[in-house]
Q: 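Submitted below is the structure of interest, expressed as structure tokens.
Model, not experiment: these values are computed from the prediction. Each chain gets a letter, A, B and so on, in the order the sequences are listed, and its residues count up from 1.
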Amino acid sequence: MSIVFFAIAGLSVAGALAAVALKNTVHCALALTVAFAGLALLFLELDAQFAGFAQILVYIGAVAILVVFAILLTRGSETPKDGIYSTKWLLGLVTASGIFAVLAWAVLHSTWALPGPEGAPTAAPAVTVMDIGNALMGRYVLPLEIVALLLTSALIGAVIVAMHEKESAQ
Amino acid sequence: MAVAENKTEKPEGWNRPPVMKPDGEGELLEVAMGPHHPSTHGVFRMDVALDGERVIRLKPVFGYLHRNHEKIAEGINYLGSMPFTDRLDYMCPLTNNWAYALAVEKLTGQAVPERAEYLRVILGELTRIVNHASSIGFLIQEMGASGTPLMYAFKEREKILDLFEELTGARMMCNYMRFGGCRVDATPAWLDAVRKVLAGLPRFADEFENLLRGNEILMARTQGVGILRPELAVNAGVTGPMLRASGINYDIRKVDGYGLYNRFKFRVPLGEHWDVYDRFMIRLLEMRESFGILEQALKDIPGGPVMDSKAKLRGFRPKPGEAYGRIEAPKGELGFYLISDGGPNPYRYRIRPPSLINLTVLEDMCLGNNVADVVLIFGSVDIVLGEVDR
Amino acid sequence: MIEKADQIFVLLGHWLVSFLPVWLQPAAMVLLGVLAIIVTFPALFAITVLLERKGLGRMQNRYGPNRVGPFGIFQPVADGIKSLTKEDIVPTSADGVVHFLAPVFLVVVVFMGYAVLPMGRNMTLVSMDAGLLFFFAIGASTELSVFMAGWSSRNKYSLLGAMRAVAQMISYEVPLLLSSLTIVMMTGSLSLGKIVEAQNQYTWGLPHWYIFTPWGFAGFLLYAVATTAESNRSPFDLPEGESELVAGYFTEYSGFKFALFFLGEYVGMMSISGLGTTLFLGGWSAPLQILGWVPSWCWFFGKVMMSMCVFIWMRGTLPRLRQDQLMNFAWKFVLPLTLVNLMVAATWRFLGAGWERWVICSAILILVYTLMGRSGMRRGHIGPRSYRYAE
Amino acid sequence: MLGEGILKGLGETARNFVGSYVSAERLTTIQYPEERIAPIEATRDFPFLVYDGADWEAGLRCVACQICEKECPPKCIYIVKSTDKKPDALGKLQIYPVRFDIDISVCMSCQICVEVCPFEAIKMDTQFELSTTDRFGGLLYDRKELAKSNEYYHSIHPIEAKKVDAHLAEEKMKADAKAGAAAAAAAAKAAAAPVVAKPAVPATPAAAPAGATQRAEGEKQG
């Protein structure tokens, strides 16, 4: 199990690093996809089928494609001649380490849902899609609706922006 | 050295990447469609500048198939050019023959026997059917129908080409008409064969219409696309089904009444929306009118010789002068302009190819359309590169 | 005997793995299943290609390939050998790695879809609770390979083809999902096995297939449209529209890589037809109760091949749409209809048994379809025309 | 409307699909190497030279008048006239082609050489399977390769060949009559003035071209 975990984790980290470090933007986007796939595999490895597949469907099927589309539409696919590193790398480093610190703190201080490292993970309850659906429509209905509202407004906003451009073009 | 000259002659801003959008924001995608593009009917190039998939500029580039036909014709005698005319619009060699024969007959004042005229009409209308059917087939092929309509058209074309071979000896390079008539006479068996083929043609047209006319995808693709305004069509000298699809009633068969077209009853369909669908439909309807003409011609064809007794095959020297013979070829007005200086060769030999002149409005029809429509509009012009480049 | 014929592959598999030690058996069984899929579907692909070429030929009044072997049945073999021996050309300016990975990725992903399809009674490789979701997740990944192929070729036609393909696939994924959602709603499960089981019942000897309900029928048609677009088939074959884009995103591929794209396309078509079969056509269940003795896998493969024939038939008949029309069709026609269909399915559920729900649901669907179709045609100024003649 | 046209189209292709199995009229393909179409009388491919009798070289109708060489639009004929005369199939002394080459890779099968030939010496073949691995030399046919017997001509264009034969026979009869008349006249002349008996011999070849132009006229009208 741990071998599988480390393999997947290594894949995800490698993908994420490549996404940052590669020169060609499209390569970066593809590397990002690898990182997404690694995450999905992690979910699957944790028996969270729904989350895993949703990760693939949404992140690889849609977000990654969106990213590449954006790169192509903005002529970002050309390899920059000079270095890829921003001059404000210090600021970036500070931000990244800050975020990392927060995440690490959160992970370390949360309670383990599963039994400790010595316990076998078989104790984890099998979460079916039905359960997720019930939870979303029952306990978490308000957050769900808020997210839906947010997305809808974002969608409408995008449409308005696009339409405006079209009108001005005419 | 010629290359260097050409380079300086390139229009401003052309061929110099990147081409910017008219408003200066962002750049255009330049695509050279052709000369090896699958849908350019041979070797033709369209230098297209795209904004997304929208056409901003289109420059037709032709001449890849230039064979120096006109100059060659000035170097050989009148008869010698006849087989070369077959190779102009190789989909319809017989109308090319006819136009050239007509021009020379005008130049020499040669009369044509009635039977020969009837044969010419029959062959000309068969050619029109062949051309219209296959041009529709090609048009739909370009729309991606994986060749089904084209194959149906070719099946009928095959039957008609068999008729041509039986009469003239060749399927495509017929070289059949002569100054003052036709080379050989048609046997009654041949005329019966034409009647038999003709009897099957309406069914073919029905099938064709069934397959295509009501198809929603075809309508969506072609209606309102590639509009050619009547004024522009007239100003650009567009002729043939293209012009009639733009709603202008101009058919040289009616206007000139050359051959014996005055004797036949037929109608000229006219388009009202001036778009690709109209051009497609006009061709379909003209095909049906051709069936009628053929029926009448086959009924009335008289006996007699097919060559005028005074006609000379070779060695004649027309008096100095000029002549312009034109016919309504399937693609439009096909004219041959000849100047004689009294010698055995034409002094000047010039073709008015309908394909080339109809092609001049391509950019006007394409601008602002989707790149996929360019192919379609181009197909609806119905050109043959042999005629464009000569 | 009938039971044995039905389960022949399962029994064969058990017999084969019984030679192995017990602890290896589950893994070996899975491997065997994978192997079976990898062998079966390319074989079906070969048959389909032959069927397509012959069928198209017959539709166009010609013979089709008939030279290699009797009636040309070895044509796919010849094609395979040809593509294997052809030179593999990679454009100089192409991105070599991505150019190489694209077809491989496509084929891998496309084959993964078969993991959850129930191809017969007890013949599912992985019975997954979220099988449908898995299928769509995998299906969505093919877009990435299309993009990789188009982008890495460094060819304008390829790039345009890839952009078109990706836009089209994203657009049609939504109706695809939504039209399948009706089934999930009615069955209450994402598991494909359960969906088939729900349809494997008979009243008066007739099956309970979802296609025989108003919403199921509409859903099936919408699903068919969406799958056709998703697998880039005519009339939605714009990404590879040969008259415009030469060959679309795989213009710069030759030899076996091209063959892999070809394989990927057809195997993808088959898998998505398999899903459609599972969702709407009762999967491996027999069309009549009295035909229940025929092995279940026969029905599944028969139905898949039938859908392939329909694909071929459409390809032989229809011209293709234009990009903007395709998008309009997806977002303004198919998507609203799938939403309406979803509601109709809900109505059906709440109306309870009885003839009223048949009438009401059919009426709603027909009405909406007619209205939307009419208004769409009027908006596009599309319609049949009549012509005047000048005498 | 609303998909009706698409369904109609699908019906049409289905009908053709089934029709191609049941009706021979729909499936018109002729599978070429195994099946061939019935020979068509008027078919023309590349020219050949007709010879009468058994010996091709002696029987060639061609008299190297070079009209075809001059009229050929793509100029694919090359003729070298002989400097001597040999008797032709009829035993008449004629100039003959020492070389008669046709480059059939240039020839465009237009049949003009056939039309202009006053001697019915060149005709169109129906042989079209002429591919060769030597694209230059292999497609340049010399007179030996071009020579085909009159029987062969009859076998490929029976109706036309019969007409030609009848025409030639008629011409021959006329020529014979003329020659007979000329000979009689010469004999009479010789009887009248025995000193100028010589010119009778060259008079016969001179008569042939005159007849030839007449024949050319006839060909055009026919």
Q: Shorter than 4.5 Å, heavy atoms on both sides: which option in D:T29, D:I37, D:I112 has the most such pairs with chain B?
A: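 That would be D:I112.
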Q: Please flag which part of B:Y152 lies under 4.5 Å from any non-hydrogen atom of chain D: side chain, backbone, both or neither.
A: side chain
Q: With the side chain counted from C-beta on, respond yes when D:K75 and B:I76 share a heavy-atom pair under 4.5 Å apart, and no when they do not.
A: yes
Q: At a heavy-atom distance under 4.5 Å, which candidate from B:I217, B:T148, B:L79, B:L218 has the highest pair count against chain D?
A: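 Heavy-atom pairs under 4.5 Å are most numerous for B:L79.
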Q: Please indicate whether D:F128 has more than 12 foreign heavy atoms, meaning atoms of other residues, nucleotides or ligands, lying under 6.0 Å from its CZ.
A: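 Count over threshold, so yes.
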Q: From D:L10 CG over to B:L211 CG, what is the distance, rounded to the nearest 0.5 angstrom?
A: 9.0 Å
Q: Measuring heavy-atom distances to chain B, does D:T13 have an atom under 4.5 Å in its side chain, in its backbone, in both, or in neither?
A: both
Q: Would the number of heavy atoms belonging to other residues, nucleotides or ligands and lying under 6.0 Å from NZ of D:K148 be above 12?
A: yes
Q: Using every non-hydrogen atom in the two residues, find where B:F84 and D:P73 come nearest and quote the distance to one decimal.
A: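 That would be CE1-CB, 3.7 Å.
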Q: Let me know if B:R178 has heavy atoms under 4.5 Å from chain D in its side chain, its backbone, both or neither.
A: side chain
Q: Which distance, rounded to the nearest 0.5 Å, do you find between the CZ of D:R44 and the OG1 of B:T168?
A: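 One gets 6.0 Å once the value is rounded to the nearest 0.5 Å.
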Q: Could you check whether any side-chain heavy atom of B:P83 comes within less than 4.5 Å of a side-chain heavy atom of D:M108, counting everything from C-beta outward?
A: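 Yes; the side chains approach each other to less than 4.5 Å.
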Q: Side chain, backbone, both or neither: which part of D:L7 has an atom under 4.5 Å from a heavy atom of chain B?
A: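 The answer is neither part of D:L7.
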Q: Can you tell me which of B:G169, B:A170, B:G200, B:G75 forms the most heavy-atom pairs within a distance under 4.5 Å of chain D?
A: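 The candidate making the most pairs under 4.5 Å is B:G169.
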Q: If every non-hydrogen atom of D:Q111 is compared with every non-hydrogen atom of B:R183, which pair is closest and at what distance?
A: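 Shortest heavy-atom separation between D:Q111 and B:R183 comes out as OE1-NH1, 2.8 Å.
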Q: Does the side chain of D:N16 reach to within under 4.5 Å of the side chain of B:M151, using non-hydrogen atoms?
A: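 Side chain of D:N16 against side chain of B:M151, heavy atoms only: no contact under 4.5 Å found.
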Q: Non-hydrogen atoms of chain D under 4.5 Å away: do they reach the side chain of B:L167, the backbone, both or neither?
A: backbone
Q: Using only atom types and a distance under 3.5 Å, with no angle test, would you say the side chain of B:E216 pairs donor to acceptor with the backbone of D:I6?
A: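 Here the side-chain-to-backbone pair exists.
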Q: Locate the shortest heavy-atom distance separating D:E71 from B:N77; write the atom from each residue and the value.
A: OE1-ND2, 2.9 Å
Q: Go through the atoms of B:E158 and report whether side chain, backbone, both or neither lie under 4.5 Å from a heavy atom of chain D.
A: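 Nothing of B:E158, per the 4.5 Å heavy-atom cut-off to chain D.
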Q: Just verifying a value: how many Å separate D:E12 CD and B:N215 CG, rounded to the nearest 0.5 Å?
A: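 One finds 12.0 Å between CD of D:E12 and CG of B:N215.
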